Amino acid sequence: MSPHVVLGLCSFTHDSAAALLVDGELIGFVEEERLSGVKHTRAYPERAVAWLLSEAGISPEEVNAVAYNFHGLHYLKVVPTALGLALDPATRELAARRAASFTKVGFRTVRRVHGLRRRFPRARIRPLLHHRTHQMYAFAASGWESAAVMVVDSLGEAQTTTIALGRELQPGRPALKSLYELTDPASLGYAYGAVTEHLGWRRGDEEGTVMALAALGDPARFRALFADAIPITPTGFSLHPAYFAPRVLSSSFARLTPRFAAETCSRRTVDAPIGQVHQDLAAALQERTEQVMLHLAGLARTRTGMKRLCLGGGVATNCVSVGKIVESGLFAGVFVPPAPGDAGTAIGAAAIVHLESGTNPLAGVAGACYLGPAYPDQVPEVAGFSEHRIDGDVAAFLAQRLADGQIVGLFQGRVEAGPRALGNRSILASPLIPDVVARLNDTVKFREPFRPFAPMILAEHAADYFTLGQESPFMSMASGVTELARERIPAVVHANGTARVQTITEDGNPFMHAVLTAFARRTSIPVLINTSLNVKGKPICGTPVMALKCLAGTGLDALLMEDRWITR
């Protein structure tokens, strides 16, 4: 009997990715940017799909179903409400353009999905509601039997915020019941992206920079403005059109109104200095985002009655907001999957279509993050570098070099899923190095000096240094810190007194657990700085060639590629 093969796709929008299920088992998942080098690429994930099919030994003709993470016809639901904006003088001008843009994108999505038939001639092509794919991935990856599932992003087709009840009816058979939705123009992701752009950073890419900048500002300056611009309501929140222009699906239309600039500051250019007004604006935006997310989490708790919460969508990458939800005590546990943004919906889409078939249970999704290609036997010959193979204990060798103060790139095992390096494509450093944050930002990452660096810690010692009170294996939650952390590892404590912590278990990543254990033996500190193996503007290095280019073009002291120690 031939296997049941489902290919999940995120494509044609941003963060292209692919996932493959064979008889319900997740064979792999990888974002196209990790293989192409083009960050946030929207191209069809040619390389990702080719790797997955090769990994499974399957041809395109053997794919039974292709699950796509958007449903084009659902864009048309915005059209009646868009035309309704014509009744308001403040939004009349954009009403027709908004309606036309959603219609255009909806039918373009339908055509693109139909075009997939040429690539997979024998497959059923199944478009899916975008938030449904987010929900399925977030819940299935948690491994929980039941939970509230909340998705907050910029835009699905029309949905921007949803709450569902997730239950595992039988082992490996997660099911979802939708309970709540907000539709555009009420969009927290839209608002955060708009202000990110106003502050001079790339929308859809550098919202994390604004989150970091917020720690330096005073939210009081613009607190009242954001209370008016993003009012909280009994059923969620809304965006005030006097500040946020109704969305038109075209980059040529501004997202913020002239009134917003008049009451805050003019738009900052990329090269302009960062002033106090920019820090205060970021702080007020972040504070309001946290307030809205806490309010929505309360709605999820009330509407589902669940004691656990799964989060998905682009806003779930706002680790400070997630940390606030954890610390609120609303839930006994909070889970964010390793790829909460759109890329991860490739897994959610494939899971939905597989489960519809009524065949084998879903497997290999819960708790999984190391899902992409590995290159143990494909490390290229190194020209212009010095290298040697490490005999003996590789983890101990690396720990000693880190204890000696070296900053090392690490390329080992399978590529991580999601936007955070989790120990397989990482840059590691000791938090005890004098001025380590400045050195990393200035000579390795080439990014803003206020950007913090995340600590990775042995899970068994996390409570000594961090107050989160639960595991954080995917670096998705900002935690408060203890006095011990302030005293011994101040380099990983951000200006707001938090750290985006990653907890490491022996089961989760045996190699990194061994490195941290060996480092602790040498320094008495079970903590390392972990940041992604890349430079600003480039994706995490998914291939050996990309990693070697990173070594060549940065201030890294060395690159550990599997068991090869490479220096310039």
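What you see is a predicted model; the values in this text were computed from it and never measured. Residue numbers run from 1 in the order of the sequence given.
Closest heavy-atom contact between R34 and E416: NH1-O, 3.2 Å. Listed here is the closest heavy atom pair of V320 and E290: CG1-OE2, 3.2 Å.
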In a table with atom names and distances, give each donor-acceptor pair under 3.5 Å that connects a side chain of residues 421-433 to protein atoms at least two apart or in another chain.
residue : atom : partner : partner atom : Å
N424    : OD1  : Q412    : NE2          : 2.7
N424    : OD1  : N509    : ND2          : 3.2
N424    : ND2  : Q412    : O            : 3.3
N424    : ND2  : R414    : O            : 2.8
R425    : NE   : C541    : O            : 3.4
R425    : NH1  : Q412    : O            : 3.0
R425    : NH1  : G413    : O            : 3.1
R425    : NH2  : P373    : O            : 3.3
R425    : NH2  : G413    : O            : 3.0
S426    : OG   : G423    : N            : 3.0
S426    : OG   : N530    : OD1          : 2.7
S430    : OG   : L432    : N            : 3.0

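Judged by distance alone, with hydrogens and angles left aside, the side-chain atoms of T503 form no donor-acceptor pair with the main-chain N or O of A459 at under 3.5 Å. Between the E206 side chain and the R203 main chain, no donor and acceptor come within less than 3.5 Å of each other. When atom types are taken as modelled, the side chain of T345 and the backbone of G348 share no donor-acceptor pair closer than 3.5 angstrom. A donor-acceptor pair under 3.5 Å is formed between the side chain of Q470 and the backbone N or O of V334. At distances below 3.5 Å, at least one donor-acceptor pair connects side-chain atoms of Y68 with backbone N or O atoms of S11. With hydrogens and angles disregarded, a donor-acceptor distance shorter than 3.5 Å links the side chain of T133 to the backbone of H130. Checked by atom type and distance alone, the side chain of N496 pairs as donor or acceptor with a backbone atom of T498 at under 3.5 Å. Of the possible donor and acceptor atoms, none in the side chain of D153 sits under 3.5 Å from a partner among the backbone N and O of T161. With hydrogens and angles ignored, the 3.5 Å screen pairs a side-chain donor or acceptor of R522 with a backbone N or O of A518. In this structure, the side chain of T109 engages the main chain of V105 through a donor-acceptor pair within 3.5 Å.
Looking at L548 and L559, their side chains come closer than 4.5 Å, going by heavy atoms from C-beta outward. Proximity of Q286 to Y192: side-chain heavy atoms (C-beta onward) are separated by under 4.5 Å at one or more points. V195 places none of its side-chain heavy atoms less than 4.5 Å from the side chain of V210. Contact annotation: the side chain of F12 never approaches that of R42 to less than 4.5 Å [non-hydrogen atoms, C-beta and beyond].
Ionic pairing of R439 and D557 is present here: one or more N-O contacts between side-chain nitrogen and carboxylate oxygen are shorter than 4.0 angstrom.
Among residues at least two apart or in separate chains, ring-ring contact (aromatic ring centres under 6.0 Å, His included) pairs with a member in residues 196-216 are H198-F260.
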Self-check item: salt bridge (charged side-chain N to carboxylate O under 4.0 Å, His left out) between R564 and E387, intermediate numbers included
Solution: CA-CA 7 Å; R564 296 169 67 182; E387 69 149 311; 2.4 Å; yes

Practice problem: Starting from the C-alpha separation in whole Å, work towards a yes-or-no answer on salt bridge (charged side-chain N to carboxylate O under 4.0 Å, His left out) for K536 and E448. | Solution: CA-CA 9 Å; K536 183 181 177 182; E448 297 84 359; 2.6 Å; yes

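No hydrogens or angles considered: nothing links the side chains of E32 and H40 as a donor-acceptor pair under 3.5 Å.
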